[in-house]
Amino acid sequence: MGSSRSRFSAYSLVRQGVSGRPWPRMWRRHELESSYDAVVVGGGLHGLATAYYLAAEQGWSRIAVLERSYLGGGGSGRNTAIIRSNYLTPDGVRFYDHSLRLYADLSAALNFNVMFSQRGHLTLAHTDASLRTMRWRAEVNKIEGVDSEVIGPDRVKELAPSLDTSDRVRYPILGALYHPPGGIVRHDAAVWGYARAADAHGVHLHQETEVVGIETSGGRVTGVRTNRGLISTPVVANCTAGWATTIADMVDLPMPIQTFPLQAAVTEPVRPFLHTVVVSGSLHVYVSQTDRGELVFGASVDPFASYSTRGSLEFVEGLATHVLELMPSLDRLRLLRQWAGLCDMTPDFAPIIGRTPVEGFFVDVGWGTYGFKAGPAAGQALAECIAGRKVPALIEAFALERFETGKLVGEKGAAAVGH
Ligand code: PYC
């Protein structure tokens, strides 16, 4: 692969498409080297972004990303691609706002269209208690310079006419937190864009390479054992979801994380009619329409800890019931696919990112149900943390030690839906 600059004009793209020749690879294959300056565990959005920023902004070379399966095959390919920054705590709002801004420039930065679409984001309130939390969020958002306001049912109806805003339903819509900068991004494109750009900066991307152990000596990281051999390295970044605790256990570091599946589903494509992202906390559902016309639905996490990524009929039944309460006109729409992703939940619904007591072992984990929107900022901040002496202010609040000091971040009220 050459540079990260596009090698295709619109014309050459069509010519390549009709030529029957194989498409050029977006990243290279490399032999696994016996030493690297940094090893990133996890070839999803967070791991790839970390490796990319470490190379592109911090000037590091000799970086490897290890992925046990294929790039983007975990949480990065299983989320519902929603972006927003309307969080509840000032630390959360600042962090996600920075991530949203990085997303806004990402297509240009990576020269790869990530289909960034700021179509607005509505969080519906069906109870007085949720309206109160939304007013609180709106005030915190405004103080941090983030566009958010509480609106009434009439304005909700204008923004999303397919919603039933009448009072004849079980949970009438009392209002909503409206967040115009929110929207969606094509999740696979973000993964591929970072992978291609990281490769162009010399990062080695190793798929089907499983970490089976981490070597330490005198309290510091010295190497990583993989199914393809031993790598010596002074830096390991744990950027996994689902396996965050398994990898941390390899350096005897307990993590306050429990893993739950989150199920999602997509319909057949229909003419565009839903021009905002809609979330209902009380009905445990969120929906957006992709540029291809499909409706993408997600819900809260399954009610039991598990590593299963299989969808269930029970989920679809509950989803359909809740969706039809919100949008009765969808009753003829067919679901095409369903899937599940793994969510690493922390006690305060905020991530764990930064240094750890094991020298050279860094973490970017515990992303619950909000990891996709965080990828760019988490990768950039972790790269800065690895390369620098100081923990960047943007992630100070998310340090592992908060579970000892008790300075928790408390983002449960801003999770997409109730869990
Ligand atoms: O936090 O916006 C969110 C979200 C959307 C889907 C799951 N979580």
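Because the structure is predicted, anything quoted here is derived from the model rather than measured. Order of listing sets the numbers, starting from 1, for every ligand and every atom in it.
At a 3.5 angstrom cut-off on N or O pairs, T369 counts as close to ligand 1. Taking any N or O of K373, backbone or side chain, at least one lies under 3.5 Å from an N or O belonging to ligand 1. Checking only distances, Y370 never comes within under 3.5 Å of ligand 1, N or O to N or O.
A donor-acceptor pair shorter than 3.5 Å can be found between the side chains of D364 and H46.
In this structure, the ring-ring contact (aromatic ring centres under 6.0 Å, His included) partners of F95, at least two apart in sequence or on a different chain, are W367, F398. For K142, the salt bridge (Lys or Arg N to Asp or Glu O under 4.0 Å) criterion is met by E139, not counting sequence neighbours.
Remark: side-chain polar atoms of D199 are not paired, donor with acceptor, to backbone N or O of A195 under 3.5 angstrom.
Here Y103 and Y96 keep their ring centres 6.0 angstrom or further from each other.
Few gaps surround CD on E57; more than 12 heavy atoms of other groups in view lie less than 6.0 Å from it.
Below 4.0 Å from some heavy atom of T80 lie the following atoms of ligand 1, by number and element: 6 (C).
Counting protein heavy atoms only, atom 4 (C) of ligand 1 is closest to A416 CB, 3.3 Å. Distance from atom 1 (O) of ligand 1 to its nearest protein heavy atom, with residue and atom name: R84 NH2, 2.7 Å.
The shell of residues lying under 4.0 angstrom from ligand 1, judged by heavy atoms, includes Y87.
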